[in-house]
Amino acid sequence: MILTNFEQTVLTLVRRIPAGRVSTYALVARALGRPEAARAVGNALHRNPQLVTTPCHRVVRSDGQIGGYRQGSSRKRALLEQEGVTVNRHQSVANFEQALYRFS
DNA sequence: GGGTTGACTGTTC
DNA sequence: CGAACAGCCAACC
């Protein structure tokens with residue numbers, strides 16, 4: 001399966017996220033050079049459930065929401081908490097600050 | 001080639 | 001402070 005340049009970049013960046021750290025769709029989008037393409041980023045992850053090669057569960061929404069997950073959001077939350085990351089309803093990026101992973 | 005869809009976001013009510 | 005609205009982008013039909 002061939003991936004578009006966009007998807008390749010997304011997966012590459014997400015793969016860079018170390019365990020215990022969390023990033024957001026917007027952050028990844030910004031790293032791509034498309035700050036407004038957060039939706040497309042989520043889309044790319046949605047269609048590429050490379051669970052082993054890509055820790056897609058470490059990417060959450062900017063507003064603190066858990067975000068979506070191909071295998072259920074509950075599963076995603078479980079994985080995150082397992083890595084020591086608590087995700088609440090409206091936690092805002094500020095609260096993530098210590099856990100956020102910034103690219104470049 | 002045009003319209004729809006979705007793992008989103010920032011702004012407005 | 002919480003809910004609704006309207007943009008934005010790439011893949012799919």
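The analysis underlying the following values was restricted to heavy atoms, covering all of them including side chains, and did not include hydrogens, waters or symmetry mates. Proteins get letters first, then strands, A, B, ... in listed order; numbering begins at 1 in each.
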Participant: Quick one: the side chain of A/Y69 and the base of B/dA7, do they pair up donor-acceptor inside 3.5 Å?
Facilitator: no
Participant: Hey, could you give me each pair passing salt bridge (Lys or Arg N to Asp or Glu O under 4.0 Å) that has a residue in residues 4-14 of chain A? Not counting sequence neighbours.
Facilitator: A/E7-A/R47
Participant: How does each nucleotide of nucleotides 6-13 of chain C score, in 5' to 3' order, for protein heavy atoms under 4.0 Å: base (B), sugar-phosphate only (S), or none (-)?
Facilitator: -BBBBSS-
Participant: Atom CG in A/L13, atom CG in A/L27: separation rounded to 0.5 Å?
Facilitator: 10.0 Å
Participant: Taking side chain to side chain donor-acceptor pair (under 3.5 Å) as the definition, give me every residue that meets it alongside A/S74, ordered by chain and number, with sequence neighbours left out.
Facilitator: none
Participant: Kindly say if A/R61 contacts the phosphate of B/dA7, meaning a side-chain N or O under 4.0 Å from OP1 or OP2.
Facilitator: no
Participant: Whole-Å distance between B/dA7 P and A/R70 CZ?
Facilitator: 8 Å
Participant: How many whole angstroms separate atom CD1 of A/I66 from atom P of B/dC8?
Facilitator: 11 Å
Participant: Could you check how far CG of A/D63 sits from C1' of C/dC1, rounded to whole Å?
Facilitator: 14 Å
Participant: Once side chain to side chain donor-acceptor pair (under 3.5 Å) is applied, do any residues pair with A/T54, and if so which ones, sequence neighbours excluded?
Facilitator: none
Participant: Restricting to pairs with a member in residues 75-84 of chain A, which pass side-chain hydrogen bond (donor to acceptor under 3.5 Å, both in side chains), not counting sequence neighbours?
Facilitator: A/Y25-A/K76, A/H57-A/E83, A/R58-A/E83
Participant: When you check the phosphate oxygens OP1 and OP2 of B/dT9, does a side-chain N or O of A/S62 lie under 4.0 Å from one of them?
Facilitator: yes
Participant: In whole Å, I'd like the distance from the CD atom of A/Q65 to the C1' atom of C/dA3.
Facilitator: 12 Å
Participant: I'd like to know if the side chain of A/T12 and the backbone of A/Q8 have a donor-acceptor N/O pair within less than 3.5 Å.
Facilitator: yes
